[in-house]
There are 2 protein chains.
Amino acid sequence: MQVLNKGTPVNYKESCIIRIQPVDGDNISSLRDALRCIPDDQSCTLILEHGDYHFYSDHATELFCFVSNNSEGLKRIAVPLIGIHDLTIDGQGSRLIFHGRVCPFLIRNCTGITLKNFSVDYVRPFVSQGTIQAVDTEAVTVRMDTENPYYFDGGRIWFSGDCYHQQGCQNGKLFKRDSFLHCLEFDTHKRETAYGVQDHYKMPASGVSEIEEGLIRLATSYPTPLPQIDNTLVISHDHRDCFGVCIDESSEVTIEGVDIYHTGAMAFIAQRSDTISLLSCTVAPHPNNGRMVSSFADASHFVNCRGLIRIIGCRFENMLDDPVNVHGIYSPVCRIIDKHTIEVMNGHHEQAGIPVADRGAEIRFVDQNSLLPIAHGMVKRVESINRFTWRVEFVNALPSVIRTGDCIESLQWVPDVEIRDCVFGKNRARGPLISTAGSVKIEGNHFHHAGSAIKISGDCNDWFESGAVKDVLIRNNIFDNCGYGKWGTGIIAIDPEIRPSHLGHNAYHQNISLIENEFRTFHQELIFARSVDGLIIQGNRIEKTRDYPEKETTFEGLKTEACLHVQSDLPSC
Amino acid sequence: MQVLNKGTPVNYKESCIIRIQPVDGDNISSLRDALRCIPDDQSCTLILEHGDYHFYSDHATELFCFVSNNSEGLKRIAVPLIGIHDLTIDGQGSRLIFHGRVCPFLIRNCTGITLKNFSVDYVRPFVSQGTIQAVDTEAVTVRMDTENPYYFDGGRIWFSGDCYHQQGCQNGKLFKRDSFLHCLEFDTHKRETAYGVQDHYKMPASGVSEIEEGLIRLATSYPTPLPQIDNTLVISHDHRDCFGVCIDESSEVTIEGVDIYHTGAMAFIAQRSDTISLLSCTVAPHPNNGRMVSSFADASHFVNCRGLIRIIGCRFENMLDDPVNVHGIYSPVCRIIDKHTIEVMNGHHEQAGIPVADRGAEIRFVDQNSLLPIAHGMVKRVESINRFTWRVEFVNALPSVIRTGDCIESLQWVPDVEIRDCVFGKNRARGPLISTAGSVKIEGNHFHHAGSAIKISGDCNDWFESGAVKDVLIRNNIFDNCGYGKWGTGIIAIDPEIRPSHLGHNAYHQNISLIENEFRTFHQELIFARSVDGLIIQGNRIEKTRDYPEKETTFEGLKTEACLHVQSDLPSC
C-alpha cells in the first residue's frame, strides 16, 4: 500500500485526505490499513487513485449480517465502514474487481458517508449462463459460457471458477450450494428476459449431465413457452449472500457515479437508515461482455428507512429482481402473552433478525385479512428471542380486538421517495415497488419491464411488506413496452393483497396520481387499482406499438376494484 | 409455568431456590422466565421438579456460536446460561426431551455452574438407521426404522420427522442438509460398530431410491468388507450443529449425574474454560430403544482449556467419535507482516472463530515438519480479521527462524486431566485423545474401542491439535478387545504426525507411563510409540481372547520409533 498526501506524506491526517494506489494482487489489507487512518473527529476523503483494485475474500473482514430481503450470514466485507462519520470515498473512476464470496461495502452505524466514482464487478458471476442449443419436452441443452466453469461430483453439477466455491457463509472450507437450480431464459439479441417467459425454479442439480465439454443437458420438463434456440439460459445456483452496498442503521448516505456491473445479492440494500441518495448510479451488466444479469436480486431496496430516499439519474437494468423496492414490515402476532405483551414474528424468512419495532415507537395494528388499521399502541420494551421471534411490551393495555395473525407495523420508519430521470428495465419481474406513507414522486423516468412498471402493493400473509401509500405522484414518465413477461397485472399494478371478501368501505391506499405519462404499449392492460381512495389518472398519452406479439390480457385501459374517488380520463372496465 | 418456593411463593429470591414444574407442550418460555429470576448477587439453585420437560426450537433463544470441532452457526438454545455465577440446576431425575434443531445447554462467561440429575434425549435423532436386507457390489438395501422418516424431492432423499427439518442455522425456513450421506455399519446384536468396518463417506443422496415403503436402496459401491445382512446401517445426514452442553469461556463447571442419550453434535464441548468436572455422567443410547448412536460426534471434547479436567465414573458409549479429546490448537503462520507482526490462520475449518492467542500469552513456535519448538514470544496484541485469520503482534521482534507454515501454540491453555473409573467404548473411532503438557492420570477405566484405546498424537498439518505431553500416567485400566475396527495402529497409539525424515534427536512427547494395565486382546498390536522421551511400560497383564476374528497386524507387543529412554517389560519389534 502507498498512503500518499500531497506534500505531507507522513502527517496526512491534518489535511484529512488519504490517498491510496492499487497494489498487485489483493487490495483488502491496504484498504483496511487506510481505513484505520481515518480520524474520529473530522471529515475525511479517501481517494483511490485511478486504477484497478482487486479484492479477494481470504483476508477480508468478516461480520455476521442480517440483511433484510437478502440472506443472513457471516459475510466477508471488502470495505467495512463501521461507526464512521463524514467520510467520502472517491474512486476517481477506478475499477473495483471482486474475486469470490466477498461483499464490496458495508456501511453500518455511520453518518455522512459518500461513495463516488468507481465501478464494481466480479470476475466470476454468481449465476451461470449459456446458449440454448436444443429443446424438447424432456430436456434443454446449453452451450455454457467459458467464464462459468462447472464440475460434477456426487451425481450432480457444481459451479466453480475464480474463488467462487471458496469460503462461504456455510460450514466448512468449501462452499456448496443448494441442490436446486433456477432457470430463466433471456433474449440474447435484446439482452432482456425473453417474451412471455416465467421463472423455472427448483430444477434438481442432479438432473444435469454433460454431453461434451461445455455442453450440458438439463433434464427438465420446462414450462411453456419452451425456450428458444440461440436464446440464453441463465442458471442461478446461489443465495442472496454477497450484496453490493449494504446501508444498515446509518444516515445521510450518498452514492454517486457508482457503476455496479454485477453483485451476488442486491446491489444497494438499506435498512433502518435515514436519508439516502443514489445519484447517477448504474446497475447493469458491463457493456463489453455478454452477461445477461447485473444484480442477483434487486438493484436497490429500502426496508424500514426514513427521511428522503432519492434515486436520481440512475440506470438499473438486467437485475434478477426489481430496480427499486421501498417498504416497511408487517410482523404477525403469534401469541398474546398478557394484557400488555405480545410475541410477534418476522413473517418472511429473509426478514430474519430485523427488529420488529423499537422502544418508544408508535405501532399500528392491522387486520390480517383486510390489511386495515384496527388499533394503535406505544412500545415500552422489545426483546429479541431469536431471529424470527420478538416479545413486545406496550405502554398501555392491548386493545381487545387484537387476535393472533393480525400484524403490527412500526410508524417510525416512513420515508419520502423521489425517483427522477432514471432508466429501469430488462430485468426479471417488475419496476419500482412503492410501499410507504411518505410523499412519493416518480417523474421523468423510462420504464421497460417484463412485468408491471410500477407496483404499489402491501400484504401481511406472504412477503409481509407494509406501507399503505398516502401521496404518490407518477408524472411525465415513459412506460415503454412493459409487460412482455409474466410478472404482474397491469403496467401500473396497485394490488394490495386483500381477498375480495375482505374489501370493505375503507380503502387501503390513498391519493395516487398518474399524470401526463406516456404509455408505449403492445397491449391495453394499462392500470389496475384495488382499494385506493383518491385515484387521479389524467393527461396520459397512449401509443400502440407492434414491438412484441399480442398477449392475452384480462382488461383494457383501467380496471378498479373497491376504489373510491376515482378521476380518470382512461377507458374503464 | 409455576415458580414455587416452599413457604414464600412470591419472595422466592431470598432463599434463592427457584422451582419449576413441567408444563404441557414447550417448556422453553417457562424455563427462560425462571432463568430471569436468578439473582446476580447470590448463589442459586434452580430445581426442575421431577417430570418430563419438552423443548422445541421455535421459541428458543438464538445465538451465534463458534464451537471448536463442531459446526459454527446461529444456534437455538433451550437453556442459555450467559454471564451467570454460582448456579445449580438440579433436574431431580427429570427427562429433558428435545424436538428438532435445539441445543440443550450453553454455558458462556459463567463461573460456578453445576448441572445435575437429568437426562437428555431427542424424539428424532440426527442420524437415521435401518436393518440391512441385501448387499451386493452395487447397492445396499435397508429397511428403515420407522422413527426415521424420509421423503424424496428433486431426485434425492431428505430426512424428516418431528421438527427435524425445521429452523436450521442455514438460510431459509426449512432446513436442507448436504447432498452427501455418510454410512457406518453397526453390529445389531453387539450394539457396536461391526468388525473390521470403516467409514463410508460421501454417498450421494441422489443415489437412494425407494423399493417399497420403508425399504430403500442405496446405490453405492460399498468398501470391503461388505455390510452383513441383519446388521444396522447408520446413515448420517447432518453437521455438528446441535451440541448437548457447550462450555465457553467459563470456569468451575460441574456436570453430575447427567445422562445424554442423544445429541446432534458433541455431547459435552468445552473451550477456553477453566476447571471442568464430568461426574457419573452417561453418553449412550437409551437402553430401551434400538438406536445405535448416542452422540453425533465426541462424547466430551476440551479445546484450549486449563485448570483440572476431571472425568470420573462416566460411561461414554456408541458415539460417532471419541469419548474424550483434550487438546490445544496449532495455528499456522500464513504471512509475516513486519518484524513484530504475523498473520496466522485457524488451520482446521471447525476451529473457525476460536481466538488463536490472547494478549499477554506466551507463545511457542513449532516447526511444521518436526513439530519441535523453534522459538518463543509474548503476545502484545491480537486482532481478528475474519473467523480464520488473525493478526498477532509480539512484544519483541520475531525470531528470524520463523517461516510461513510454522505454527504458533499458546502456552496459556494447558489443563491437567484425570480420567478415572469410566467405561468407554462401542463407538466409531478411538478412546481418549490426550494432547496437553499438564499432568494426566488415566486410571481404573474400562476401554472397548473399535480403534485405539488411547491416542496421544499432535499434528500441525491436518487437525492442528496441539499439546505435546510431559506427564501421562496410564495405570490399572482394562483394555478389553480394542482394535476391532480400522481406526488407529496399536491399542495404545502414541503417534504424533511427524514424517520419518523429520524425526530427530529430540522427542515430541515426554514421560508416558503404562503401568499394571490389563490387555484382553484378540491381537498383539499393543503399543505403538513415536517420538517419546521417557516411556515406561511395566507390570501390564496380557490376556489373549477369541472374541473377535484374527486380524492383520503390523507388529506385536511394542513398536517404537525415535523414542528415548524406553523401559519396557513387553516384547519389542
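In what follows, every chain begins at residue 1, and chains take the letters A, B, ... in the order their sequences are listed. Keep in mind the model is a prediction, meaning the values are calculated, not measured.
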For this session: Heavy-atom distances under 4.5 Å only: say whether A:S206 touches chain B with side chain, backbone, both or neither.
Result: side chain
For this session: Drop me the distance from B:D58's CG to A:I385's CD1, to the nearest 0.5 angstrom.
Result: 12.5 Å
Exercise. Does the side-chain contact (heavy atoms from CB on, under 4.5 Å) test come out yes or no for B:S29 and A:R391, once each step is laid out?
Worked result: CA-CA 11 Å; B:S29 297; A:R391 193 181 166 112; 5.9 Å; no
Exercise. So, A:E383 and B:R32, do they make that salt bridge, N to O below 4.0 Å?
Worked result: no
Exercise. So how far is it from A:H59 NE2 to B:R335 CZ, rounded to the nearest 0.5 Å?
Worked result: 6.0 Å
Problem set entry | Neighbour count >12 (heavy atoms, 6.0 Å) for atom CG, A:D24 | no
Exercise. Given that the side chain runs from C-beta out, which part of A:E350 has a heavy atom under 4.5 Å from chain B: side chain, backbone, both or neither?
Worked result: neither
Exercise. Which value, rounded to the nearest 0.5 Å, describes the distance between B:F64 atom CZ and A:R387 atom CZ?
Worked result: 11.0 Å
For this session: Please look at A:A352 and chain B and tell me whether the side chain, the backbone, both or neither of the residue comes under 4.5 angstrom of a heavy atom of that chain.
Result: neither
Exercise. Below 4.5 Å, heavy atoms only, C-beta onward: do B:E62 and A:T389 meet side chain to side chain?
Worked result: no
